[in-house]
Amino acid sequence: MRAMMKTTVKAVAVLAMTTSLAKASDVEVLHWWTSGGEAAAVGVLKDNLAAGGTGWVDMPVAGGGGEAAMTALRARVTAGDAPTAVQMLGFDILDWAGEGALADLTATATAEGWDKVVPAALQQFSTSDGKWVAAPVNVHSTNWVWINKAALDATGLAAPTTWEELVAVLDKMKENGITPLGHGGQPWQEATVFDGIVLSLGGDFYKSAFVDLDPAALGGEQMAEAFNRLITLRSYVDDNFSGRDWNLASAMVINGEAGMQMMGDWAKGEFLKAGKVPGTDFVCIRFPGTQGSVTFNSDQFAMFNQTDAGKQEAQVNMAKAIMDPAFQSAFNVVKGSVPARTDVSNEAFDDCGKKGMADLAEANTNGALYGSMAHGHAAPASVKNATYDVITAAFNGEYADGAAAAAALAEAVAAAQ
Ligand code: BGC
């Protein structure tokens, strides 16, 4: 707690300093894109804004999944000094809109026809009370596995498509003397892995448990099985996993120190930044058993109410720049995600990006597109945080078995609502 407070105080001090340097035509952007691949994507956004005459005041708050960024945001708003634009996920956007803190982007959205090109699953979080309150920059998904190609080839096995095949590959990698699973022990990372495991037990089950929050699904036999699988995965990580940042776990796979990482497609940004090529150096697959379904999250930029006309104009400029189709292509090629508009060509994307776009469209058509619990698109933050606690405790062996963890999950989610 104290460490968290220290980080927040430091972040707020940095933010306060950057604020005073801002011009009216600048946007101050609070985000958590601090890894190598993420920073490269920020560069694309910054350059795009600069080309339109909008300056950038950077307010990075490190921490994958954005928990620390959201804490820093709350401090800024409480101090009466909201940043201009904020990277935000799903239910957090709706919470802030409900507080009346967000600028209304409807005039811009209507003039530019956003409602015709942004999928309904995203609009659910970009709009509140019939008004546009955020501009979506991408669609990420969490049910991915990133595998070092040489390490996979060394197993003599094919890329796994079922849980049993996955375990066989992990066992073989262990025999071959590498860490099978590159993982960072942070609650949001374990929750990201768990999105994939729960989805692999069925889309209907995922929806009942994580979207509908049905107590029977949360505490039942399938959830017990999901936790047993999570507990099994714990046996494939190295001794130093605790607290490791996600991008360092990606680096282990990139370097061949680890065999694979179960992570959202922001991980691809790290592989690309390291000069790695899909199909040659690494393989991207859907979490075994989840091909055809997608658990998504979308980074959106919400604009906080400002009284200064110059700042308001800068917000509109930023929103327009984000929604520009050419930008959506250029940005997402680097970020690892796919465009938030349905009218952007897949031409510039690598094979994993093309697969990501095709998978998303297919899941959307088939009713198999679900919001990610780990990344704030299945349930509000209070519920999400309750799942983090139980998932991490289960990963760390704090329950006798999967059934005990499932019972704890049902209880924690009930208490959080
Ligand atoms: C965001 C990504 C980000 C990742 C790791 C996710 O919640 O949607 O944009 O790269 O966290 O920081």
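Each ligand, and each atom within it, is numbered from 1 in the order the structure gives. Residues: numbered from 1 along the sequence shown. From a predicted model like this one, the values you see are computed outputs, not experimental measurements.
- For ligand 1, the 4.0 Å heavy-atom shell takes in W32, W33, E38, G64, G65, Q87, L89, H140, W246, W266, N297, D299, K335, H375, ordered by chain and residue number.
- Closest non-hydrogen pair, E28 versus T84, comes out as N-OG1, 2.9 Å.
- Between S200 and R229, the shortest heavy-atom distance links the atoms OG-NH1, 3.6 Å.
- With F194 as the partner, the ring pair (Phe, Tyr, Trp, His ring centres under 6.0 Å) test is satisfied by one option alone out of F395, W188, F227: F227.
- For L30 against P83, the heavy-atom pair with the smallest separation is CD1-CG, 4.0 Å.
- Around CD of E398, the count of heavy atoms belonging to other residues, nucleotides or ligands within 6.0 Å exceeds 12.
- A donor-acceptor pair shorter than 3.5 Å can be found between the side chains of T142 and T295.
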